[in-house]
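As structure tokens, the structure follows; a few thoughts come after it.
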There are 2 protein chains.
Amino acid sequence: MEYQEAKDKFISTWGSLGSLWGINKAMAQIQALLFISTKPLSMEEIMEDLKISRGNTSMNLRQLMDWGIVTKTLVAGERKEFFTTEKDVQELARIIAVERSRREIKPVVKVLNDVSSITDDGTAKTKELIKQTKALHELTETMDVMINKLVNQKQNWITKSLLKLFK
Amino acid sequence: MEYQEAKDKFISTWGSLGSLWGINKAMAQIQALLFISTKPLSMEEIMEDLKISRGNTSMNLRQLMDWGIVTKTLVAGERKEFFTTEKDVQELARIIAVERSRREIKPVVKVLNDVSSITDDGTAKTKELIKQTKALHELTETMDVMINKLVNQKQNWITKSLLKLFK
DNA sequence: TTAAACTTTCAATAATTACTGAAAGTTTAA
DNA sequence: TTAAACTTTCAGTAATTATTGAAAGTTTAA
């Protein structure tokens with residue numbers, strides 16, 4: 001396997017993986033492309049490399065910037081905009097964890113809390129609903145706390161956590 | 001908010017959440033319904049409650065069984081099949097974690113390993129591809145190991161882990 | 001056996017989600 | 001200013017994914 005094949009394989013795998021963790025294919029592919037690029041890329045270069053339209057590129061770059069994963073970079077002497085992604089995997093993982101917590105987990109915790117707080121009318125089904133959603137609420141919240149604490153350890157957090165868990 | 005409203009809210013929230021962790025809406029809704037039910041439910045009851053077709057119900061129940069989250073239960077004196085879901089949230093979380101590791105993480109680790117093992121032809125771009133995919137490989141593998149070890153602690157694993165991490 | 005009760009399969013279709021491309025908008029250099 | 005260089009927006013369309021429903025398949029009781 002030589003460069004081009006390996007590159008394509010990486011980008012397409014990362015792309016289809018994206019949908020699993022809640023971002024779309026193009027978004028994940030753009031990030032992947034930037035991740036292995038040796039220099040900032042322009043919209044033009046991204047479109048050409050991934051064979052996607054200008055509109056699509058623009059929209060997905062914006063989303064990546066909203067996530068805080070990609071940033072605009074100025075290149076001396078160039079008028080157009082260039083883009084780079086966070087290159088440190090641990091930092092990348094931190095950003096993603098925090099964003100997912102904010103976007104996905106927090107809203108769910110809220111709903112679970114609301115649902116589990118309905119008044120107990122004494123019926124078995126109400127009791128079961130309360131009991132189960134309470135358990136889910138507690139679990140989800142614990143996991144969210146865990147993620148947010150882990151992530152605050154910054155430097156080398158994943159390895160550090162692994163060590164802590166199994167020493 | 002009384003029972004029916006709370007129930008609907010829970011089922012629809014869980015349903016839309018499903019797509020975030022890689023299962024479809026109907027599948028997540030069926031699981032949610034079983035999760036708060038006080039007794040095993042038949043296909044008929046599930047269809048009616050969620051207003052989905054027989055075919056859809058059948059296919060998604062199968063998937064839930066493939067995941068190991070839902071099981072068939074026999075009800076005395078009844079010919080048709082009844083279904084129940086794992087009721088313990090911690091056990092549920094364990095099953096999901098293990099399955100996701102197997103279905104999603106493991107294949108990615110393999111691709112990353114393949115890609116990062118290409119021969120270094122000395123060019124900057126090849127060096128960058130190798131370096132970055134190696135870093136990603138290492139991280140992904142560490143996280144996978146972490147998940148699998150955590151999950152083997154069985155009883156009360158989430159709370160235990162939280163304590164370990166922050167004592 | 002057979003036929004009723006039930007479940008599964010799958011082609012057709014609906015619903016959702018992603019993508020394009022051209023027009024509108026913005027910025028910058030002259 | 002203005003016009004070239006560039007980016008964003010968004011209605012239309014394409015691609016993907018989920019759902020239906022009816023036919024085929026299976027099981028069980030008589």
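Order of the sequence lines sets the chain letters (A, B, ...), proteins ahead of strands, with each chain counted from 1. This one's a predicted model, so the numbers in the text were calculated from it and none came from an experiment. Only this structure's heavy atoms are used, side chains among them; waters, hydrogens and symmetry mates stay out.
- Using a 4.0 Å cut-off between charged nitrogen and carboxylate oxygen, A:Glu45 and A:Lys39 count as a salt-bridge pair.
- Here A:Asp49 pairs with A:Lys7 in a salt bridge; the nearest charged N to carboxylate O distance falls below 4.0 Å.
- B:Glu81 comes within 4.0 angstrom of the backbone, heavy atoms only, and of no base.
- Base engagement by B:Asn56 is indicated by at least one non-hydrogen atom pair under 4.0 Å involving a base atom.
- Base pairing annotation: D:dT27 forms a Watson-Crick or G-U wobble pair with C:dA4, both donor-acceptor distances under 3.5 Å.
- Base pairing of C:dT13: its partner is D:dA18, meeting the Watson-Crick or G-U wobble criterion (both donor-acceptor distances under 3.5 Å).
- The side chain of A:Arg79 lies closest to C:dT27, out of C:dG21, D:dT27, C:dT27.
- Checked for salt-bridge contact, A:Lys87 and B:Glu128 meet the test: a charged N lies under 4.0 Å from a carboxylate O.
- Both tests pass for A:Arg103 against the ring of A:Trp67: distance under 6.0 Å to the centre and angle within 45° of the axis.
- For A:Pro107 against A:Ser101, the heavy-atom pair with the smallest separation is CD-O, 4.5 Å.
- Between the CE atom of A:Met43 and the P atom of C:dT26 there is a distance of 16 Å, rounded to whole Å.
- Comparing D:dT7, D:dT20, C:dT7 against the side chain of A:Lys80 picks out D:dT7 as the nearest.
- Nucleotide C:dG21 forms a pair with D:dC10, judged by Watson-Crick or G-U wobble geometry with both contacts under 3.5 Å.
- Whole-Å rounding puts the B:Lys72 NZ to D:dT26 C1' distance at 11 Å.
- For A:Met59, the side-chain atoms get nearest to D:dC10 when compared with the rest of D:dC10, D:dT8, C:dC19.
- Distance, A:Lys25 NZ to D:dT16 P: 7 Å, rounded to whole Å.
- Checked against D:dT8, D:dT19, C:dC19, the side chain of A:Ala26 finds its nearest nucleotide in C:dC19.
- Put simply, CE on A:Met27 is 13 Å from C1' on C:dA18, counting in whole angstrom units.
- D:dT17 atom P lies 12 Å from atom CG of B:Asn24, rounded to whole Å.
- Regarding A:Glu44, its CD atom lies at a distance of 11 Å from the C1' atom of D:dA5, rounded to whole Å.
- Rounded to whole Å, atom P of D:dT7 lies 16 Å from atom CG of A:Leu64.
- Listed candidates were D:dT20, D:dC6, D:dA18. Nearest to the side chain of B:Ile52 is D:dT20.
- Distances from the side chain of A:Arg54 to the nucleotides D:dT19, C:dT20, D:dT8 place D:dT8 closest.
- Atom CD1 in B:Ile46 sits about 17 Å away from atom C1' in D:dT20, given to the nearest Å.
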